Every structure is written in C-alpha cells, then in structure tokens.
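Since the structure is predicted, the reported quantities are computational estimates derived from the model, not experimental observations.
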Amino acid sequence: QVQLVESGGGLVQAGGSLRLSCVASTRPFSRYDIGWFRQAPGLEREFVAAIRRRDAFTSYADSVKGRFTISSDNAKNTVYLQMNSLKPEDTAVYYCALGRYSSRWSTYDDWGQGTQVTVSS
C-alpha cells in the first residue's frame with residue numbers, strides 16, 4: 001500500500017512561481033517513473049511532465065515547456081514540479097503519480113490526492 005501526498009499548491013499571480021512536492025511514504029521513488037498531471041474544472045486530466053528513472057530523461061507538455069521543471073530526489077522519496085511564469089490557464093488540481101514513463105495517465109499506478117494551483121490574472 002502506498003501513500004502519495006502532494007503539497008505546495010496555492011494562489012499565485014500570473015507570472016509568479018510555485019514548487020509542488022510529492023512524497024511517497026511506502027514506496028521508493030527510485031523504483032518508478034514519475035508523472036505530473038493536472039485537471040482543470042470541466043476539463044479532462046492532462047499530462048504535464050514526466051521523469052524516467054533510469055536516466056532522468058524528462059518530457060513536458062507543449063503548454064509548459066520552458067516554464068516547468070520536473071525533478072526527483074530519490075533519497076527523500078520526493079518528486080518536485082517547479083512552475084515558473086505561471087499563467088491563469090495553469091489553474092488546476094495537480095497530481096503526481098508513480099508508474100511507467102509516458103504522457104498517458106493509464107500507465108501510472110499510484111496517485112496522490114492532488115493539490116490546487118490557482119493563478120490569478
């Protein structure tokens with residue numbers, strides 16, 4: 001059984017920054033690839049970023065490239081999503097997940113409860 005907890009969300013003005021954290025208490029992050037997804041009100045869950053365990057290769061949705069950075073600290077069982085130059089359209093609930101590296105939510109097995117990010121204009 002895994003417990004995955006996101007934190008770091010909140011309210012920020014457009015152009016600001018937030019860093020989201022995700023901590024796994026029952027599984028080591030070193031065994032899994034990590035993904036970040038988000039879901040805005042009325043919209044489907046969408047891919048944000050992922051990092052591959054074996055070589056730390058990363059991928060990003062086109063909408064966040066150059067603004068967001070995913071990273072993982074295996075010693076702390078923590079994954080981060082650094083979000084810069086935030087836009088109102090980034091407003092969503094953000095979820096971290098453990099599973100297989102991809103941009104599809106179906107390849108991830110364990111999910112956190114989500115953390116709300118709200119970006120005001």
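Rounding to the nearest 0.5 Å gives a distance of 10.5 Å between OG1 of T118 and CG of L86. Between the CZ atom of R45 and the CZ atom of R104 there is a distance of 14.5 Å, given to the nearest 0.5 Å. Atom CD1 of I34 is separated from atom CG of D110 by 10.0 Å, given to the nearest 0.5 angstrom.
A salt bridge does not link D33 to R54: none of the charged nitrogens lies less than 4.0 Å from a carboxylate oxygen. Salt bridge status for D90 with K87: absent, with no side-chain N to carboxylate O gap under 4.0 Å.
Contact annotation: the side chain of Q39 never approaches that of E46 to less than 4.5 Å [non-hydrogen atoms, C-beta and beyond]. Side-chain contact between W36 and C22: present, with at least one pair of heavy atoms (C-beta onward) separated by less than 4.5 Å. For the pair S17 and Q82, the minimum side-chain heavy-atom distance is below 4.5 Å. In this structure, L81 and V48 have side chains that are in contact, with non-hydrogen atoms separated by less than 4.5 Å. Counting heavy atoms from C-beta on, the side chains of L20 and V117 come closer than 4.5 Å. Counting only heavy atoms from C-beta outward, the side chains of D109 and L98 never approach each other to under 4.5 Å.
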Could you walk me through whether Y101 and S59 pass the side chain to side chain donor-acceptor pair (under 3.5 Å) test, one step at a time? CA-CA 9 Å; Y101 179 86; S59 63; 3.2 Å; yes
With ring pair (Phe, Tyr, Trp, His ring centres under 6.0 Å) as the test, would you mind laying out the steps for Y32 and Y108 before giving the verdict? CA-CA 9 Å; Y32 299 90; Y108 296 89; over 10 Å; no
With side chain to side chain contact (heavy atoms under 4.5 Å, CB included) as the criterion, how do M83 and R67 come out once you've worked through the C-alpha distance, each side chain's angles and the decisive distance to 0.1 Å? CA-CA 6 Å; M83 306 186 295; R67 300 189 297 120; over 6 Å; no
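If you check the side chains of T91 and E89, you find no donor sitting under 3.5 Å from an acceptor. Between the side chains of D73 and T78, not a single donor N or O lies within less than 3.5 Å of an accepting N or O.
Checked against the 6.0 Å centroid criterion, the rings of Y60 and F47 do not qualify as a close aromatic pair.
Between W111 and Y95, the ring planes lie perpendicular to each other; the angle is over 60°, past the 30° to 60° tilted range.
Here the side chain of T107 pairs a donor or acceptor atom with the backbone of R100 at under 3.5 angstrom.
Clustering ILVMFWY residues whenever any of their side-chain heavy atoms sit less than 4.5 angstrom apart, transitively, puts V64 in the very cluster that holds V119.
Here the closest non-hydrogen pair linking A14 and S121 is CB-CA, 4.4 Å. The two residues I51 and T58 make their nearest non-hydrogen contact at CG1-CG2, 3.8 Å. Taking both residues in full, the closest heavy atoms of C96 and V79 are given as CB-CG1, 4.4 Å, listed atom of the first, atom of the second, then distance.
Cation-pi geometry between R38 and Y94 is not satisfied (NZ or CZ under 6.0 Å from the ring centre, within 45° of the ring normal).
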